[in-house]
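Each chain gets a letter, A, B and so on, in the order its sequence line appears, and its residues count up from 1.
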Amino acid sequence: MLIYMIRRLAQSVGVLLAMSMLVFASVYLIGNPADILISMDADQTERARLVQAMGLDQALPLQYWNFLLHALHGDLGNSFVHGVPAITLVFERLPATLELACVAMLIAIALGVPLGLWAGLRPHSWVGKGIMTGSILGFSLPTFWVGLMLIVVFAVQLGWLPAGGRGPTREVLGLSLSVFSLEGWRHLLLPAVNLALFKLALVTRLTRASTHEALTQDYVKFAHAKGLSPARVVGVHVLKNILVPIVTVVALEFGALVAFAAVTETIFVWPGAGKLIIESIGSLDRPVIVAYLLVVVSMFTLLNLLVDIAYSSLDPRVRLDEQSA
Amino acid sequence: QELRIGLSSNPSSVDPHFVNNDAISAVVSHAYETLVALDADARLTPALATSWRAINDTTWELKLRDGVKFHDGSPLTAQDVVFSLERPATIVNSPSSFAAYTRAITGKKVVDRLTVQLMTATPAPLLPNDLTRIFIVSRKSAEKASSDDFNQAKVQAGTGPFRLVKFTPGTGVQFTRFDGYWGAKPTWSGVTLRALPAESARMSALLSGDVDLVENVQANLVSQFRQNRNLSVFTKVSSRVMFLYTDHRESSPFVTDKDGKPLERNPLKDARVRQAISRLIDRSVLADRVLDQLGVPTGNLAASGMFGFNPELKPDTVDVQGARQLLAEAGYPAGFGLTLFGPNDRYVNDKQVAQAIGQMLTRGGIVTKVQVSPMATYVGRASKKELGFGLLGWGVGGGEPSGALRGLLATPDKERGMGATNWSSYSNPQFDALLNEALDTVDDARRETLLQKATALALKKDYAIIPLYHQVSTWATRKGLTMVPRVDEFTLAQQVRAEAEDRK
Amino acid sequence: MTTMFEEDESPLRRLLRQYARSRLAVLGAAVLLALMLAALFAPLLAPQNPYDLAQLDILDSRLPPGSHGGDDAAGHGRLYLLGTDDQGRDMLSGMLYGLRISLGIGVVATLAALSLGATLGLLAAYAGGRLDALLMRIVDIQLSFPAILVALVLVTLLKPGVGNVAIALVAVQWAYYARTVRAAALVERRKEYIEAAQGLALSDARIVLRHLLPNCLPPVIVVAALQVANAISLEATLSFLGLGVPITEPSLGLLIANGQQYLLAGKYWMSLYPGVLLLLTILAINLVADQLRDVSNPRLQKQ
Amino acid sequence: MDTVTPLLELRASTKRFVRKPDAAAKIARLFGASVPSRTVHAVDDVSLAVRPGEVVGLVGESGCGKSTLGRMAAGLQALSEGERWWQGENAELRRRRLSASEHRRDMLGVQMIFQDPYASLNPRMRVRQIIGEAPVAHGLVDAKDQEAHVAALMQKVGLDAGFMRRFPHQFSGGQRARIGIARALAVRPRLLICDEAVAALDVSIQAQVINLFMALREELALTYLFISHDLGVVRHISDRVVVMYLGRVVESAGADALFGQPLHPYTEGLLAEAPKLEVRKKAFVAIQGEIPSPLNPPRGCHFHPRCPRAMRRCAEEVPALARVAGDRWVACHLVERMGGA
Amino acid sequence: MTSASQPVLLVEGLKTQFATRAGIVKAVDDVSFSIERGQIMGLVGESGSGKSMTGYSLIGLIDPPGQVVAGRLRLAPRTGEVLDLRRLSPRALQGVRGNRIAMIFQDPMMTLNPVLRIDTQMIEAVRAHHRVSERVARERAAAALAKVGIPSPHERLLAYPHQFSGGMRQRVAIAIALLNEPDLIIADEPTTALDVTVQGQILAQMQGLCRASGTALIWISHDLSVVAGLADTVSVMYAGRIVEQGPVAEVLDRPRHPYTRGLIASAPSRNPRGRPLQQIPGMTPSLLALPQGCAFQARCASANAVCRNEPPLVALDGRRLRCFHPTPLPSSCTIAN
Ligand SMILES: Nc1ncnc2c1ncn2[C@@H]1O[C@H](COP(=O)(O)OP(=O)(O)OP(=O)(O)O)[C@@H](O)[C@H]1O
Ligand SMILES: Nc1ncnc2c1ncn2[C@@H]1O[C@H](COP(=O)(O)OP(=O)(O)OP(=O)(O)O)[C@@H](O)[C@H]1O
Ligand SMILES: [Mg+2]
Ligand SMILES: [Mg+2]
């Protein structure tokens, strides 16, 4: 386990380093942040002053080196646009994104697992086939389009739910969350459903495939032969086995969900980190882009680790230190 | 009674001196005021200063309004003014500093509690205009405060009709009425500004009653909103002018012959070609069809009615025949090829406009490709002069077009801050001379004439850039509200009233 | 000598036969085929070349389905069966060409990503050791970036354009294939037929190309079919974010994105029709890929 | 005695599978974590000689290293220690001496036939390719003669040459085993290593394949290393039998001698346990205990924890494989003593 | 009690078929047999001959599209009642499975659920049929483990399957089968994947346990020699049908069906060393394309036109036989000795 942790840690440091380098280089190549940030009617002197203030006048490797030095002290630089530490900005916005992603994931799991089980247990029934075909729809509809449709139907036509924004929030454990009020949920529902749709399809199909697979296994037959009730066979023997792939995928997809939230957040004006990153890419706010990616990739890595640990508790056959590098 | 406004921007700060950005200034204007203000038509009007005059070529004297109280309870004094004029330069990490507007001031003198003198090194006719940008804050509160303190509403340093309650980045800003306001008591007990940059979300928010007022109505919805019984629409020709810049250099990237092979000589260098381009563009179709009437064809930089507007410069009308003739005279009877660049996320229907222009030019024989990209990438390439032909907008701010002429058309000169955005590489000594003279002229009438002359020279004679139209700003409110729309596009709760109350 | 197998059937035929068992999948294949043909012959089928600005008339913009254009020499404009978009582009033509671009990008990007990923994955698996470790670390890094962000940054970097969107999609997907192919190759490599080939002193290149590759690819190809749909979807999202294909040569995704701002104004056709076409395309691809995956599953093949 | 030069010989050969600790593990060690480096002694100091024309049977329980030994013999797996000799010459030196193509010839001289008739044929190749690829690639047969060559081979192993264009999945298990044999024969080997080549087949088919092996031996003067856990089969076709237990050879003798009078207690148990058709209502009394893991084999004689006659010495000292009589070798302290007495 | 006269299980005319697209697969075709208490029946035949399907049919675990289409399955458990297994409701059948009839599968690596601990898997098997506390169930589980020779059973209960070797797992599976003291155990090739010495251990234990508890056992195998040493009676299956059935000594020493005879004759031990083995020519036919009449006719030396008719299962010489040309007795006697 220790070795495993060391290995993972070394890997993540490598990943983060490589990533920061890539982001640095690519933002540099996309354009000069000064061009977009500085107001058009500023003159050359003003420009020069700002470019210097942002450290953009130095050679790129030097900029990167300075960044690294500061990063080692936990300082990822100030946002060019907002003037505040980029990392603060990201952490300020992250709870909203996490909240959205969690609710979306919960929706996906709460609906996807039962649907997938049903389809897996009765693959030839019409309901089962219907679920599978329906799940393809989840894959097929571009998120942004569904989002707009949801807004048009539920906010504009029916007027049931607000078209965008986040409801009132409450501080809980230092996170401002909006799930504690009805209004909060009203705001949360549409974007969460929008975000959940793709994952719902994924979870459904995965569950079905795993169920299908598990059902052909000898241990299921053996469980039946023991005289267990079908409910127990499915609820304990099958479920516990399909949990392994589901947990893996769900956790890994959670990272993707956070990343993909960018689109949903833009459409629903959800004040989360995804919207921040889109805005930051738009304004070449490099410190924020770097900080965001660092946070997201760290989260990915952490999730990966957690998955592996969860894995070993769910599937006793997996022993962490035996996964060869 | 509270007013809820849907903004099309997402304010990143509410420190009035942090970032020089119109959208933020508009938000901040609820709580802070300037010495000199612009009225709805961008004419200078007294605000915290009741009067200002040049006592000589390099000294301005301002009289402050008496009885003005800051939100923190302290009264407005000359000391606060001096502090406020110095503060922008102390904010180092600002991405776009207000210091540009205070740099001309070389000395400040407190004459008495309500009188300030500002000294400049050279004549500074535009100082009052510059002062419309600088918000006055209470020295008592702001002296030790950081931008963060402003954002967290820890300091209450403004004099405006509203007081900041809460600023939530990415979500919006909340204000409440300031009862000690010196001017007319605001109608609204509170104002909520919600950041709704996504157009459809903003429109839906109005339609579903989540907000009372939105700015920048989606162009294609304007006529529909006008007919909607529950909504009112307000429009105003804005000071933002849209134009095409053309490359005046010997050769230009992306200029090709009709088959896409690079041309040795840059046709755009020929004024006749530029004129031909101008004539190929049907500005009324752009304004009426593409922009859903959110544009007014123009041949000027300043909007009509603004200081420096030249009524003699009429927008070119479409004249395909004439244009072809001009092209033939210039040696391109068969036309040539161009790529038109532009942003796709900045101006009203910008990408549609670019494509429509592409159509018009192509039909006139100038085969045009259209490439639009987000402003971030576009500006980066354009400012390096990698692009030869592009669409750009310019908010002619500060009440007169000198800034625009200086930035866009003057021969680049780093020392004097000229031609910083002269992407077309236009250079005409005659124009530079006119402009320089205007910039040193304190006498308003004479300056206006000089500016008009300079504009005419660059736009009509040289076709240095090709003005297209002025954008029309739009607002929509729920029925029962009226507002006074502003040429500078600011959305201010101060200018919104409930109709019923008006009748009372 | 008698045998259990009467038919001398090739794997392809067997695959087809098993594929044909699902009516839905056959329908999907038919639709997909039709769509591909439509895309291929778009220039012949489309009433207008929607990419030629000279053929567009801004005065015909935003016409509802079934309208006639006004600006025609004869006085009667042409018929716009599915209406026009905000540039006066015939929606039908735009959709046919857009389908061509979307499908093209999806297929080309997926094929390129597959070839690149498969090559590297095979290399890693067969060579093992340091090369393997290095390649897999790169894959890890690539996979730990959220796809949409990579694409976003890349397209911004490379400047929008059909080719660059495809490159971005390749960059997003290759690692996935590399990992999948490597995993498959590691399994296959242990099988005895590879050992037998080594025992027969065949060259490494021959073993990799003739023995290993053909056995690793089929499952990956099926996954790739699904990924085509993903790629199309991602391209649409990029276009929606203003970073996709050139505005004058819209893909389906861009048509939807452009049309969506007219939804509230009731001009549904500008985004609904391309939306439905996109949906249909992706649905068809998924149906086909799904069935392919089912029939290529050896567990199901035995019966 | 050993006047005939063995065709193939493994001398004191060992195969270890080690998982090397990587950088992370080394760091962990620095922190004082005990990181076991895992070593599997799959084959431990085994010598084996196969003389021309002989059939050597190799028996032992699962995981005792039979396949690994087979692969080492076939040259498919490098030796950790020891030497492999081919035709009386150290294979390593020979390889250096020979040109690449001659070396390839050498490799072709030993062919392996695998246990799993499903996994050992490339499922995406036609039979013609499977059998005909190598001879053409090595220039043994012209490309245009490939078909005839394959047809002849198929005939030889009892397959209808008309099936040449089929894929492996279109054959039954027994037929696939024949294809595997034909593939090996196609390169005219001298030694065939059959790794559980009949284990997966039904009894009735098994007989057919065994008969085929025996017929080919006569016809082509083949030598066999015949690996199997089925004592009945080994007994039937082998001249000499080698018994392995947990990576080591415990007994080796002529088939008659070994089956007639097993000397090693393990061989004894093995023979006793093998079910026989003739024995009815047998009271099974098995060798006690489980097979230990090769990851941490017991000290001393590997078999001692399960040996009914184990002594103190057995737990401490590894018994050497000693010649008892003639061609008969045993590794057991008991037997040694017997021999000494 | 009537136990002496009444068999624990009586199977008559069992037919199990799979309706596939390619046609109907008659996996089990008209199979009949009966087993007495404490008796061990060997069920042999080559791969695909329907041995497992026979077993699954008995406990109603045929997967769709398979279906038991005909036959009587009568179980007479110790409790005294007589159950018609085919008529039982799914619930009642569930009460029989694992309780009155237990089954053990071939692959010891696959039969235990890899993600559940042994105790979970054993306790649930007890509590599915008996209302006992968990503690009691655990005790029973530990006792069962001890019975199959697993040392320190209480600790081993806490382990996961992957921590056991194959032989141990198979013993756990056997322990689970024994938990509820069933009347019948169906063992589907439980030692095929195991080594000879481990197989020996398990065979020894099974034998002892059946003797001790009077449980009847159906031992499915393709290995005649295992059955020879273990079973009392043997049924030989070919292509879904029982072709010969009777006491082990009768059938193995004096086989009268050509297939049985061929099978026995092809065993290496029945052949002189180094000589070609006797072999059955041809291959197992596909169940989809069985010839009219006797399924073995294509491989049978004595087949003639009569064999195109369906051979009935007839009693002959203390056995039952499905052949028109039974092998004359003396010839096989010589081989036996
Ligand atoms: N590539 C490998 N890496 C690590 N260990 C291996 C490898 N190959 C074999 N082993 C180990 O070496 C030992 C001997 O394996 P081998 O396959 O030779 O046994 P075997 O006698 O052929 O067994 P079986 O009868 O099951 O085929 C086993 O414990 C196995 O786990
Ligand atoms: N799901 C199914 N669909 C069609 N046929 C099937 C199915 N399952 C089994 N069969 C057929 O039923 C027949 C009997 O199978 P069964 O598993 O009983 O054989 P077996 O004698 O147990 O063989 P083995 O020794 O290989 O276990 C086989 O020929 C098989 O083809
Ligand atoms: Mg082996
Ligand atoms: Mg079976």
*Asks:* Counting only non-hydrogen atoms closer than 4.5 Å, does Asn21(B) touch chain A with its backbone (N, CA, C, O), its side chain (CB onward), both, or neither?
*Replies:* neither
*Asks:* Do Lys275(A) and Pro197(B) come within less than 4.5 Å of each other through their side chains, counting heavy atoms only?
*Replies:* yes
*Asks:* With respect to chain A, which residue among Met203(B), Arg406(B), Arg103(B), Arg202(B) yields the maximal number of heavy-atom pairs within a distance under 4.5 Å?
*Replies:* Arg103(B)
*Asks:* Please flag which part of Asp413(B) lies under 4.5 Å from any non-hydrogen atom of chain A: side chain, backbone, both or neither.
*Replies:* backbone
*Asks:* Of the backbone (N, CA, C, O) and the side chain (C-beta and beyond), which part of Asn10(B) lies under 4.5 Å from a heavy atom of chain A, both, or neither?
*Replies:* side chain
*Asks:* Where does Leu196(B) contact chain A at under 4.5 Å (heavy atoms): side chain, backbone, both or neither?
*Replies:* both
*Asks:* For Lys166(B), I'd like to know if atom NZ has over 12 heavy atoms of other residues, nucleotides or ligands within 6.0 Å.
*Replies:* no
*Asks:* For the interface with chain A, which of Ser208(B), Ala99(B), Gly209(B), Ser383(B) has the highest count of heavy-atom pairs at distances below 4.5 Å?
*Replies:* Ser383(B)
*Asks:* Between chain A and each of Ala382(B), Pro169(B), Ala195(B), Ser200(B), count heavy-atom pairs under 4.5 Å; write down the option with the most.
*Replies:* Pro169(B)
*Asks:* What part of Leu408(B) gets closer than 4.5 Å to chain A, counting heavy atoms only: side chain, backbone, both or neither?
*Replies:* neither
*Asks:* Where does Leu148(A) contact chain B at under 4.5 Å (heavy atoms): side chain, backbone, both or neither?
*Replies:* side chain
*Asks:* Please look at Ile151(A) and chain B and tell me whether the side chain, the backbone, both or neither of the residue comes under 4.5 angstrom of a heavy atom of that chain.
*Replies:* side chain
*Asks:* Between Thr168(B) and Pro271(A), is any pair of side-chain heavy atoms under 4.5 Å apart?
*Replies:* no
*Asks:* Taking atom OG of Ser204(B) and atom CG of Leu190(A), what is their separation to the nearest 0.5 Å?
*Replies:* 10.5 Å
*Asks:* Between Gly407(B), Pro11(B), Ser12(B), Ala100(B), which has the largest tally of heavy atom pairs under 4.5 Å with chain A?
*Replies:* Ser12(B)
*Asks:* What are the two closest non-hydrogen atoms of Ile267(A) and Ala198(B), and how far apart are they?
*Replies:* O-CB, 4.0 Å
